[in-house]
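Since we're looking at a predicted model, the values are computed, not measured.
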Amino acid sequence: DDQKDGLWIWGLFQDPLYPFCLMEVQTTEFALGDDDCLPPMKLYAKVKHTMKQKEKGGRGKLGSGREVMLEACEIMTRTPVEMKADPAGLAKITLYDEE
């Protein structure tokens, strides 16, 4: 009910509150040759980021004069693995195996 509740994300543009950003990208089928292709998949990444002041005269889109620098990271896929969460088998949990 507070008007400021919807604006919390703008804090990410002022100072990095978290040392990383989680990204998810859905791909389409990609042909590698005549008979070979990669299937569609979701790719995941945990990207570290830092913020620094731009050189004099440079201004960001939000007028802050700062820019965000993304670091190189590993890109992975996740395979869901469903397991029983209790001995009776009444509850299940889905864990992800990262490759």
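- The heavy-atom pair separating A31 from C37 by the smallest distance is CA-CB, 3.9 Å.
- Separation of atoms CD (E29) and CE (M41) is listed at 10.0 Å; rounding is to 0.5 Å.
- Between the CZ atom of R78 and the CG atom of D97 there is a distance of 11.0 Å, given to the nearest 0.5 Å.
- Of all non-hydrogen atoms in E82 and T94, the two that sit nearest each other are OE1-OG1, 4.0 Å.
- Note that CE of M83 and NZ of K92 are 12.5 Å apart. Values are rounded to the nearest 0.5 Å.
- Clustering ILVMFWY residues whenever any of their side-chain heavy atoms sit less than 4.5 angstrom apart, transitively, puts I93 in the very cluster that holds V81.
- Note that the CG atom of L70 and the CZ atom of F20 stand 14.0 Å from one another [nearest 0.5 Å].
- Among E98, E24, E74, M23, the one residue that satisfies the side chain to side chain contact (heavy atoms under 4.5 Å, CB included) test with Y44 is E24.
- Residues Q26 and P40 are in side-chain contact: their nearest non-hydrogen atoms beyond the backbone lie under 4.5 Å apart.
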